Number of protein chains: 2
Amino acid sequence: MPKKVDNHARRKLIAEALVRVAAKRGLEAVSLRHVAEEADVSLGMVQHYFRTKDEMMTFAMDVVRDNAGARMAGGIEPNLPPKDLVRALLVQLLPLDEDRLLDANVALAFFAYTAVRPQAGAGLRENTTQLRDFITGQILASRETGDASPRPDPVLAATALAALIEGLSIHVLGGHYSAEEALAALDTHLDTVFS
Amino acid sequence: MPKKVDNHARRKLIAEALVRVAAKRGLEAVSLRHVAEEADVSLGMVQHYFRTKDEMMTFAMDVVRDNAGARMAGGIEPNLPPKDLVRALLVQLLPLDEDRLLDANVALAFFAYTAVRPQAGAGLRENTTQLRDFITGQILASRETGDASPRPDPVLAATALAALIEGLSIHVLGGHYSAEEALAALDTHLDTVFS
DNA sequence: TTCTTTACAGTGCAGTCGTATTGCCAAACG
DNA sequence: CGTTTGGCAATACGACTGCACTGTAAAGAA
């Protein structure tokens with residue numbers, strides 16, 4: 001066997017360049033050439049690691065999802081009460097700093113992307129399902145300890161919570177209001193869920 | 001003066017074709033030629049009514065916003081209690097039928113579009129601001145009549161409500177769950193806001 | 001009537017797109 | 001040592017893009 005290269009690292013390098021292009025100029029500006037330029041590699045190399053553009057897109061989506069997942073996992077401190085735990089998770093999805101703003105921007109673009117390509121959205125769907133399930137569990141846990149009044153359906157409450165951060169993120173991205181306002185809205189909502 | 005044509009009607013005709021293309025195949029499939037074909041007119045005509053593609057896009061965005069606004073206005077019955085009024089409004093933004101699904105799809109695409117072109121998002125921002133203000137007013141009104149416990153900040157509650165339908169719409173578009181589930185989540189949230 | 005102005009249709013152009021193809025180079029194996 | 005083979009660069013190609021330009025038909029103004 002000839003030269004040995006870390007295949008996965010190269011793909012990630014390219015995918016991250018794609019993310020930067022998409023965040024700065026939109027998904028429609030993502031072309032093989034632009035990505036190659038942003039990654040400071042040749043077009044040929046991009047083609048070597050991704051046989052088709054769609055393959056590159058899909059991989060980049062997975063990288064973004066992994067980023068978000070890792071951030072959420074990193075925000076967790078065990079033994080936190082359910083409410084704080086959920087909050088710690090959701091805050092990681094809000095564009096509160098430059099990094100998260102970049103990712104949220106790309107995530108939004110991918111949402112629009114998968115809305116027209118249903119088969120490409122499987123990963124996204126899995127993510128929200130997991131998030132919803134986790135939140136549901138935490139709501140139930142909080143009720144067991146008697147912290148919350150057991151009024152509304154926990155699954156629906158979790159659904160609303162997951163949708164809420166999504167909507168807040170989008171509004172912040174669109175410049176409708178500041179990230180701080182979004183955070184405040186999230187907090188008041190959390191208060192009502194974990195009353 | 002020569003031939004007299006309803007200029008605005010023609011522009012709307014073209015913009016609606018654009019919306020159909022965007023909903024079916026995504027914003028990136030929106031080209032002058034595709035729109036012309038969908039509208040069953042010539043490329044030359046599209047160019048006659050829109051000097052640039054960006055001008056066409058902006059106009060189409062306005063049409064979609066008008067659609068949504070008209071729907072919301074149409075859903076209103078006066079003398080409704082605040083909660084039902086707000087619900088009637090927000091329901092119009094959920095993709096519960098084919099028409100609203102189409103518009104929501106395009107709206108999502110435009111959100112992603114404006115996230116990278118801030119100057120094009122002014123209209124969108126105005127829309128959510130108006131919606132937030134209206135909801136805020138209704139929350140305050142409901143409290144005056146004593147229907148609600150006056151706990152959380154009404155502005156933040158309105159912000160959350162507006163963000164919530166946005167997030168729910170997106171999740172429904174992505175096939176993460178059904179429109180009925182989204183509606184149920186909205187209702188439980190409305191119950192807590194207008195307790 | 002003649003003239004002017006609008007409302008298109010058609011074509012051409014320079015640039016970009018994704019992809020296929022070709023070829024060179026260096027490293028590992030026999 | 002050669003030979004093979006993966007890693008990459010470069011180029012070419014047909015399709016498509018937004019836009020500019022030209023031509024033509026028709027409807028009012030003079």
Side-chain angles (χ1 to χ4, degrees), chain A residues 1-61 106 109-110 112-114 116-117 119-120, chain B residues 1-22 24-61 109-110 112-114 116-117 119-120:
Chain A
M1 284 189 210
K3 230 187 296 194
K4 188 175 111 189
V5 185
D6 186 341
N7 200 278
H8 188 266
R10 283 273 206 267
R11 287 165 71 96
K12 241 183 112 173
L13 184 113
I14 295 172
E16 278 159 8
L18 187 156
V19 166
R20 266 173 277 143
V21 172
K24 265 181 284 186
R25 305 200 273 145
L27 253 200
E28 61 185 49
V30 171
S31 72
L32 295 180
R33 279 164 249 259
H34 285 157
V35 171
E37 193 183 5
E38 174 73 35
D40 203 40
V41 299
S42 75
L43 168 61
M45 176 159 160
V46 175
Q47 286 200 91
H48 179 72
Y49 285 101
F50 299 101
R51 294 187 313 190
T52 138
K53 186 188 177 182
D54 241 54
E55 189 182 319
M56 181 177 70
M57 291 286 228
T58 309
F59 184 83
M61 268 193 55
V106 179
F110 277 136
Y113 185 77
T114 58
V116 184
R117 281 172 201 74
Q119 32 119 343
Chain B
M1 285 191 206
K3 227 188 297 192
K4 190 175 112 189
V5 185
D6 186 341
N7 199 280
H8 187 265
R10 283 272 205 269
R11 286 165 73 95
K12 240 182 112 173
L13 184 113
I14 295 172
E16 278 158 8
L18 187 156
V19 167
R20 265 173 277 143
V21 172
K24 266 182 283 186
R25 304 200 273 145
L27 254 200
E28 61 185 49
V30 171
S31 72
L32 295 180
R33 281 165 246 260
H34 285 157
V35 171
E37 194 183 7
E38 173 73 33
D40 203 39
V41 299
S42 75
L43 168 61
M45 175 157 160
V46 173
Q47 286 202 85
H48 179 70
Y49 285 102
F50 299 103
R51 292 185 311 189
T52 139
K53 185 188 177 182
D54 243 53
E55 190 183 318
M56 180 176 72
M57 291 287 227
T58 309
F59 184 83
M61 267 193 56
F110 276 135
Y113 184 77
T114 59
V116 183
R117 281 171 202 72
Q119 32 119 342

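Note that the structure is predicted; figures quoted are calculated from it, not measured. Each chain gets a letter, A, B and so on, in the order the sequences are listed, and its residues count up from 1. These values consider heavy atoms only, across backbone and side chains, with no hydrogens, waters or symmetry-generated copies.
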When the distance from [atom1] of [X] to [atom2] of [N] is rounded to whole Å, what number comes out?
{"X": "B:R33", "N": "C:dC13", "atom1": "CZ", "atom2": "C1'", "answer": "11 Å"}
{"X": "B:L32", "N": "D:dA20", "atom1": "CG", "atom2": "C1'", "answer": "12 Å"}
{"X": "A:L13", "N": "D:dG7", "atom1": "CG", "atom2": "C1'", "answer": "15 Å"}
{"X": "A:E28", "N": "C:dG18", "atom1": "CD", "atom2": "C1'", "answer": "17 Å"}
{"X": "A:D6", "N": "D:dG6", "atom1": "CG", "atom2": "P", "answer": "17 Å"}
{"X": "B:R10", "N": "C:dA9", "atom1": "CZ", "atom2": "C1'", "answer": "13 Å"}
{"X": "B:E37", "N": "C:dA9", "atom1": "CD", "atom2": "C1'", "answer": "16 Å"}

| message | Is the phosphate of D:dC16 approached by B:H34 (side-chain N or O, under 4.0 Å from OP1 or OP2)? | response | no
| message | I need the residues from residues 39-54 of chain B with at least one non-hydrogen atom less than 4.0 Å from DNA chain C; give them sorted by number, or say none. | response |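 Nucleic-acid contacts, sorted: B:S42, B:G44, B:M45, B:H48, B:Y49.
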| request: Any chance you could measure A:H34, atom NE2, to A:R25, atom CZ, to the nearest 0.5 Å? | output: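 Rounded to the nearest 0.5 Å, the NE2-CZ separation comes to 4.5 Å.
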| For the atom pair OG1 (A:T58) and CE (A:M56), what is the distance rounded to the nearest 0.5 Å? | 10.0 Å
| message | Using a heavy-atom cut-off of 4.0 Å across all strands, would you classify A:V30 as base, sugar-phosphate, or nothing? | response |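 Sugar-phosphate only.
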| task | On the 0 to 90° scale, with breaks at 30° and 60°, tag the A:F50-A:F59 ring pair as parallel, tilted or perpendicular. | result |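 The arrangement is tilted - the two ring planes meet at 30° to 60°.
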| Would you say the side-chain atoms of A:R11 pair up with the backbone N or O of A:Y49, donor to acceptor, closer than 3.5 Å? |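 Side chain of A:R11 to backbone of A:Y49, a donor-acceptor pair under 3.5 Å: yes, one is there.
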| said: Within the 4.5 Å heavy-atom criterion, are B:V30 and B:M57 side-chain neighbours or not? | reply: yes
| task | List for me each residue that meets side-chain contact (heavy atoms from CB on, under 4.5 Å) alongside B:E28, sequence neighbours excluded, and say none if there are none. | result |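 For B:E28 the side-chain contact (heavy atoms from CB on, under 4.5 Å) partners, ignoring immediate neighbours, are A:Y113, A:R117.
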